[in-house]
Amino acid sequence: QVQLVESGGGLVQPGGSLRLSCAASRVAFENYPMSWARQAPGKGLEWLATISRDGSSTDYGDSVKGRFTISRDNAKNTLYLQMNNLKPEDTAVYFCGKFKVPVRHGSKIIQHYDAWGRGTQVTVSS
């Protein structure tokens, strides 16, 4: 069974930065597109960014475009999310997800991902 473990969350002031990591195991990580999503208190899961299986192609949601960067290291089976210029509205639990099928590109649709980690909390507050 696929295991995804997020880390790197914490408390940061507005305008600050964090780098999240997602360690994958029990999966041929390099074969699957991956995504980051988040869930704020009282809200549903929001797709943020996706990366192709070879890391050459990325896509971002409007709420994070220009501030967040998704990347991956297939040799380390690890996915990353660099978050800059954080805002209070970025406060949420952040999850990494694996695309259902081993194709080159992922999608923005949450239901197209079949494995999610337990998440890491990010709190942006002064």
Side-chain angles (χ1 to χ4, degrees):
Q1 187 172 356
V2 177
Q3 186 171 21
L4 302 172
V5 180
E6 301 92 341
S7 62
L11 174 64
V12 62
Q13 292 186 342
S17 297
L18 281 175
R19 189 195 196 200
L20 306 184
S21 298
C22 168
S25 59
R26 303 174 188 169
V27 62
F29 180 74
E30 68 277 10
N31 288 346
Y32 294 89
M34 298 290 292
S35 278
W36 285 98
R38 68 186 178 189
Q39 187 165 25
K43 297 188 177 181
L45 197 60
E46 175 192 9
W47 171 82
L48 299 176
T50 191
I51 188 167
S52 60
R53 64 184 180 185
D54 65 357
S56 64
S57 176
T58 58
D59 194 14
Y60 297 91
D62 290 341
S63 63
V64 303
K65 193 173 296 183
R67 299 188 299 124
F68 290 11
T69 302
I70 188 172
S71 62
R72 66 191 295 162
D73 185 338
N74 286 346
K76 296 182 178 180
N77 284 4
T78 303
L79 178 73
Y80 302 100
L81 185 68
Q82 177 66 43
M83 306 187 296
N84 298 328
N85 190 22
L86 283 161
K87 305 175 181 180
E89 52 264 42
D90 293 319
T91 295
V93 180
Y94 285 69
F95 301 90
C96 59
K98 179 192 83 58
F99 202 66
K100 283 184 178 180
V101 293
V103 294
R104 183 179 179 191
H105 295 287
S107 78
K108 304 177 181 182
I109 301 173
I110 293 293
Q111 290 79 8
H112 288 176
Y113 295 82
D114 65 354
W116 296 93
R118 292 189 175 183
T120 185
Q121 175 72 46
V122 172
T123 301
V124 185
S125 175
S126 55

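Note that the structure is predicted; figures quoted are calculated from it, not measured.
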Trainee: Does K65 qualify as a cation-pi partner of Y60, given the criterion of NZ or CZ under 6.0 Å from the six-membered ring centre and within 45 degrees of its axis?
Mentor: no

Trainee: Closest heavy-atom contact between I110 and E46?
Mentor: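 Where I110 meets E46 most closely, the heavy atoms are CD1-C, 4.4 Å.
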
Trainee: Is there a donor-acceptor pair closer than 3.5 Å between any side-chain N or O of T69 and the backbone N or O of Q82?
Mentor: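 Not at all, since once roles are kept as given, no pair shorter than 3.5 Å links the two residues.
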
Trainee: Is S52 reaching over with its side chain to a backbone N or O of S57, donor-acceptor style, under 3.5 angstrom?
Mentor: yes

Trainee: Got P33 and V103 here, is their nearest side-chain heavy-atom distance under 4.5 Å?
Mentor: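 With C-beta onward as the side chain, the pair touches.
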
Trainee: Is the backbone N or O of G10 less than 3.5 Å from a side-chain atom of Q121, with the two atoms forming a donor-acceptor pair by type?
Mentor: no

Trainee: Do V93 and L20 belong together in a cluster built from hydrophobic side chains that touch within less than 4.5 Å?
Mentor: no

Trainee: Taking the side chain as C-beta and beyond, is there a heavy-atom pair between K98 and S35 under 4.5 Å?
Mentor: no

Trainee: Test your reading of the model: is there a side-chain donor-acceptor pair from R53 to the backbone of E30, 3.5 Å cut-off?
Mentor: no

Trainee: Got a donor-acceptor contact below 3.5 angstrom from the T78 side chain to the K76 backbone?
Mentor: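 Yes; judged by distance alone, with no hydrogens or angles, the pair exists.
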
Trainee: Kindly determine whether S63 and E89 satisfy side-chain contact (heavy atoms from CB on, under 4.5 Å), including the steps that lead there.
Mentor: CA-CA 10 Å; S63 63; E89 52 264 42; over 6 Å; no

Trainee: Test N84 against F68 for side-chain contact (heavy atoms from CB on, under 4.5 Å), laying out the working first.
Mentor: CA-CA 6 Å; N84 298 328; F68 290 11; over 6 Å; no

Trainee: Looking only at heavy atoms, which two atoms of P102 and Y32 are closest? And how far apart?
Mentor: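 Scanning both residues completely, I find the closest heavy atoms to be N-CE2, 3.5 Å.
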
Trainee: Can you tell me if W36 uses its side chain to pair, donor with acceptor, with the backbone of L79 under 3.5 Å?
Mentor: no

Trainee: Could you tell me whether the side chain of T120 and the main chain of G9 form a donor-acceptor pair under 3.5 Å?
Mentor: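 Yes: the side chain of T120 pairs with the backbone of G9.
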
Trainee: Report whether W116 and L4 are members of the same hydrophobic cluster (ILVMFWY, side-chain heavy atoms less than 4.5 Å apart, transitive linking).
Mentor: no

Trainee: Between A115 and V2, which heavy-atom pair has the shortest distance, and what is it?
Mentor: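 Scanning both residues, the minimum pair turns out to be CB-CG1, 4.1 Å.
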
Trainee: Taking the six-membered ring of F29 as reference, does the NZ or CZ atom of R72 fall below 6.0 Å from its centre and within a 45° cone about the axis?
Mentor: yes

Trainee: Determine the minimum heavy-atom distance between L48 and V64, stating which atoms define it.
Mentor: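 Looks like O-CG2, 3.6 Å.
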
Trainee: Please check: side-chain N/O of E6 versus main-chain N/O of C96, any donor-acceptor pairing under 3.5 Å?
Mentor: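 Yes.
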
Trainee: What's the separation between atom OG1 in T58 and atom NE2 in H105, rounded to the nearest 0.5 Å?
Mentor: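 T58 atom OG1 to H105 atom NE2 measures 10.5 Å (nearest 0.5 Å).
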
Trainee: For T50 and M34, indicate whether the former's side chain and the latter's backbone hold a donor-acceptor pair under 3.5 Å.
Mentor: yes

Trainee: Would R118 and F95 count as a cation-pi pair here, with the cationic atom under 6.0 angstrom from the ring centre and within 45° of the axis?
Mentor: no

Trainee: Closest heavy-atom contact between N85 and D90?
Mentor: O-OD2, 4.4 Å

Trainee: Got P88 and S125 here, is their nearest side-chain heavy-atom distance under 4.5 Å?
Mentor: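 SC-SC contact between P88 and S125 ruled out.
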
Trainee: Any side-chain heavy atom of T91 within less than 4.5 Å of one from V122?
Mentor: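 The answer is no, as the side chains (C-beta and beyond) never meet within the 4.5 Å cut-off.
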
Trainee: With no hydrogens and no angle check, is any side-chain donor or acceptor of S21 less than 3.5 Å from a backbone partner on Y80?
Mentor: no

Trainee: Between R38 and K43, is the side-chain contact (heavy atoms from CB on, under 4.5 Å) condition met? List the steps.
Mentor: CA-CA 9 Å; R38 68 186 178 189; K43 297 188 177 181; over 6 Å; no

Trainee: Shared ILVMFWY cluster between V5 and L81, side chains joined below 4.5 angstrom?
Mentor: no

Trainee: Kindly state whether the ring of F99 and the ring of Y113 have centres lying under 6.0 angstrom apart.
Mentor: yes

Trainee: Same hydrophobic cluster for V27 and I70, using side-chain heavy-atom links shorter than 4.5 Å among ILVMFWY?
Mentor: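 Same hydrophobic cluster.
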
Trainee: Considering all heavy atoms of both residues, which atom of W47 and which atom of S107 are nearest to each other, and what is their separation?
Mentor: NE1-O, 3.6 Å

Trainee: Hey, what do you get for CD (Q13) to OG (S126), rounding to the nearest 0.5 Å?
Mentor: 7.0 Å

Trainee: Would you sort out whether R104 and D54 count as a side-chain contact (heavy atoms from CB on, under 4.5 Å), showing the intermediate values?
Mentor: CA-CA 7 Å; R104 183 179 179 191; D54 65 357; 3.8 Å; yes

